[in-house]
Each structure stands twice: as C-alpha cells, then as structure tokens.
Amino acid sequence: MNKNEKFVITINRELGSGGRTVGRLVAEKLGVPFYDKAVIKALQEKYHLSPEEIEKMKGRKHSWWADVERILKIDKGMRLDYYLPKMSDAPDLLTTDEMFKTETLILQDLAVEQSCVVAGRSGFHVFRLHPNHLSVLIQASMEHRVERVARKQNITPDEARNIIDQVDKMRESYVKKYTGTSRYDTRNYQLVISADEKTEEEMANLILQYIG
C-alpha cells in the first residue's frame with residue numbers, strides 16, 4: 001500500500017481483540033477518517049438509503065461529506081471507544097441483501113472522497129478490487145478476549161465467553177453469506193496481528209510500520 005496516494009485500510013477483528021480501537025488510532029495517526037458500523041448506520045438513517053436512492057443522489061451530484069464529518073464529530077464526542085454487541089442487537093447483525101448492498105455502496109462512495117480506515121463491515125471483501133488497499137485482521141486468544149470483554153463491561157468471564165461465542169457465530173454467518181468466504185481465512189488479508197500481550201497503541205504502530 002502506498003500512503004502517498006489515496007488509500008483504504010480495512011480492519012477486521014475478533015470481538016475482544018481491541019481491533020476497533022486500533023482502527024481508530026491508525027486513522028488518527030494518519031490523519032484520515034475512520035468509518036465503522038455507527039457512521040454507516042447514521043448515514044442510512046439520515047438519508048433512508050437504499051441502492052436506488054444512492055444512485056439518485058449520485059445523479060444529482062449530491063455529496064454527503066459535510067454530514068459524514070458532522071457524524072464523525074458526534075461519534076468522537078461520545079467517546080465510543082468500545083462496542084459490545086448485546087443479544088438485543090442480534091437482528092441488526094443479521095442484515096438483508098439490500099442492506100449489505102447499501103453499506104457496500106456507501107463505503108465505496110466515501111472512499112472516493114479521500115483515504116480512510118474502515119472497521120468491520122466485511123471491508124476486506126468490499127475493497128478487494130481497490131488499487132491501494134491494505135487488509136488487516138486482528139485476532140486474539142480466547143483467554144485474552146474473555147478477559148478484555150469481562151473487564152470492559154464489568155461482567156463475569158462466563159458471561160463474556162457466551163457473548164463472544166454468539167457474536168462469533170453471527171459474524172461468521174454474515175461474512176460467509178455475503179462474501180462467500182470465511183473471515184478467518186488469512187488469504188483475505190495482507191497483515192494478521194495477534195493482540196495477545198500487545199496494547200492497542202502497539203498494534204496501531206505495527207500497522208504503520210508495515211505501511212512504511
């Protein structure tokens with residue numbers, strides 16, 4: 001990846017690995033926007049977006065860049081550094097074909113504006129044909145993940161493990177359905193990082209060192 005040209009870095013991660021925070025840190029260090037589920041959902045809700053509506057907006061040469069920047073400022077102000085899916089989120093994790101297509105179009109359109117870092121959202125697949133794309137996977141041992149989720153959410157290790165197991169299954173099902181591959185297949189990534197015994201800052205610096 002050439003950081004001197006317009007680029008996209010995608011961060012896929014396991015729940016409890018700290019990957020979302022790593023993505024935000026990388027974006028901050030590179031001075032580019034960070035996109036995740038919260039930003040995409042906010043845009044969908046604001047514009048009631050569908051693939052057809054996106055095409056209409058493009059035809060009117062409408063730019064949502066100002067709204068994206070506003071949403072990013074709100075997100076940053078709320079300090080959403082950690083997100084733990086709850087069981088009530090299950091229907092939201094199981095999206096429809098149209099929602100996946102809408103998310104894909106939104107991300108690809110935003111990446112046209114300028115370089116960015118994307119967390120999750122099957123980014124490794126969405127940007128697989130992008131000419132300047134770095135795909136990263138952040139993993140961790142179950143012990144690391146359980147400890148982090150339990151500590152962050154003040155729940156028991158057993159509760160944390162149950163949530164991790166359920167979210168893993170839902171995310172894997174989602175990725176297989178819409179990409180035809182497994183999110184654990186390392187052939188989908190240029191860089192795979194283990195979070196064990198590393199801070200989020202150290203992992204972010206490893207990605208920057210890889211870029212050069």
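These numbers come from a predicted model, not from an experiment.
One finds the NE2 atom of His125 at 12.0 Å from the OG1 atom of Thr10 (value rounded to the nearest 0.5 Å). Rounding to the nearest 0.5 angstrom, the gap separating the OG atom in Ser115 from the CG atom in Asn2 is 9.5 Å. Taking OG1 of Thr186 as the start and CG of Leu191 as the end, the distance is 11.5 Å to the nearest 0.5 Å. With values rounded to the nearest 0.5 angstrom, Leu105 atom CG is found 10.5 Å from Leu110 atom CG. Taking CG from Asp109 and CD1 from Ile106, the interatomic distance works out to 9.0 Å, rounded to the nearest 0.5 Å. One finds the CG atom of Asn12 at 10.0 Å from the CZ atom of Arg121 (value rounded to the nearest 0.5 Å).
By the 4.5 Å heavy-atom criterion applied to side chains, Tyr210 and Leu134 are counted as neighbours. For the pair Phe7/Leu30, a side-chain contact is recorded, criterion being any heavy-atom separation below 4.5 Å from C-beta on. Under the 4.5 Å side-chain criterion, counting only non-hydrogen atoms from C-beta, Leu129 is not in contact with Phe127. By the 4.5 Å heavy-atom criterion applied to side chains, Asn188 and Thr181 are counted as neighbours. Annotation: side chain of Arg148 is not in contact with side chain of Ile164 (no heavy-atom distance under 4.5 Å). Using a 4.5 Å heavy-atom threshold, the side chains of Thr199 and Glu202 count as touching. In this structure, the side chains of Val136 and Val26 stay at 4.5 Å or more apart for every pair of heavy atoms. Residues Arg13 and Leu137 are not in side-chain contact: their nearest non-hydrogen atoms beyond the backbone lie 4.5 Å or more apart.
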task: For side chain to side chain contact (heavy atoms under 4.5 Å, CB included), just list the numbers for Ile138 and Ile11, CA-CA rounded to whole Å, side-chain angles, deciding distance to a tenth of an Å, and then say yes or no.
output: CA-CA 7 Å; Ile138 297 180; Ile11 310 285; 3.9 Å; yes

query: Can you check side chain to side chain contact (heavy atoms under 4.5 Å, CB included) on Met203 and Thr21, steps first, answer last?
result: CA-CA 10 Å; Met203 287 188 280; Thr21 302; over 6 Å; no

message: As a quick check of understanding, evaluate salt bridge (charged side-chain N to carboxylate O under 4.0 Å, His left out) for Asp36 and Arg20, giving each step before the final call.
response: CA-CA 8 Å; Asp36 63 358; Arg20 182 177 183 274; 2.5 Å; yes

field: Criterion salt bridge (charged side-chain N to carboxylate O under 4.0 Å, His left out) on Asp185 and Lys176, from CA distance to verdict
entry: CA-CA 11 Å; Asp185 188 339; Lys176 282 187 173 180; over 6 Å; no

- request: Could you go through the side chain to side chain contact (heavy atoms under 4.5 Å, CB included) check for Ile207 and Ile193 one step at a time?
  value: CA-CA 9 Å; Ile207 294 173; Ile193 298 174; 3.7 Å; yes

task: Walk me through it: do Phe100 and Ser122 pass the test side chain to side chain contact (heavy atoms under 4.5 Å, CB included)?
output: CA-CA 10 Å; Phe100 178 78; Ser122 297; 4.3 Å; yes

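Contact check on Glu28 versus Arg24 returns no salt bridge, with no Lys/Arg side-chain nitrogen under 4.0 Å from an Asp/Glu carboxylate oxygen. Electrostatic pairing of Arg145 and Asp196 does not count as a salt bridge here, judged by no charged N lying under 4.0 Å from a carboxylate O.
Under 3.5 Å, the side chains of Thr156 and Glu159 contain a donor-acceptor pair of N or O atoms. In the model, Gln139 has no side-chain atom that pairs as donor or acceptor with a side-chain atom of Ser17 under 3.5 Å.
Of all the heavy atoms in Val8 and Met1, the pair that sits closest is O-SD, 4.3 Å. Contact record, Ala150 with Ala160: N-CB, 3.8 Å, taken as the closest heavy-atom pair.
Distance alone, capped at 3.5 Å, places no donor-acceptor pair between the Lys169 side chain and the Asp165 backbone. Side-chain atoms of Gln114 never come within 3.5 Å of backbone atoms of Val32 as a donor-acceptor pair (strictly under, hydrogens ignored). The closest donor-acceptor contact from the side chain of Lys6 to the backbone of Val112 lies under 3.5 Å. For the pair Lys3 (side chain) and Gly212 (backbone), a donor-acceptor distance under 3.5 Å is present. Panel note: side chain Gln190, backbone Ser135; a donor-acceptor pair is recorded below 3.5 Å. A donor-acceptor pair under 3.5 Å links the side-chain atoms of Glu172 to the main chain of Arg183, judged by distance alone.
Residues Ile155 and Val167 fall within the same hydrophobic cluster, defined by Ile, Leu, Val, Met, Phe, Trp and Tyr side chains chained together at heavy-atom separations under 4.5 Å. In the hydrophobic clustering of ILVMFWY residues, with side-chain heavy atoms under 4.5 Å counting as a link, Leu25 and Val117 come out apart. Cluster membership for Phe34 and Val22, using ILVMFWY side-chain heavy atoms within less than 4.5 angstrom, is shared. Under the 4.5 Å side-chain contact rule for hydrophobic residues, Phe124 and Tyr184 do not share a cluster.
The salt bridge (charged side-chain N to carboxylate O under 4.0 Å, His left out) analysis of residues 123-144, with sequence neighbours excluded, yields no pairs.
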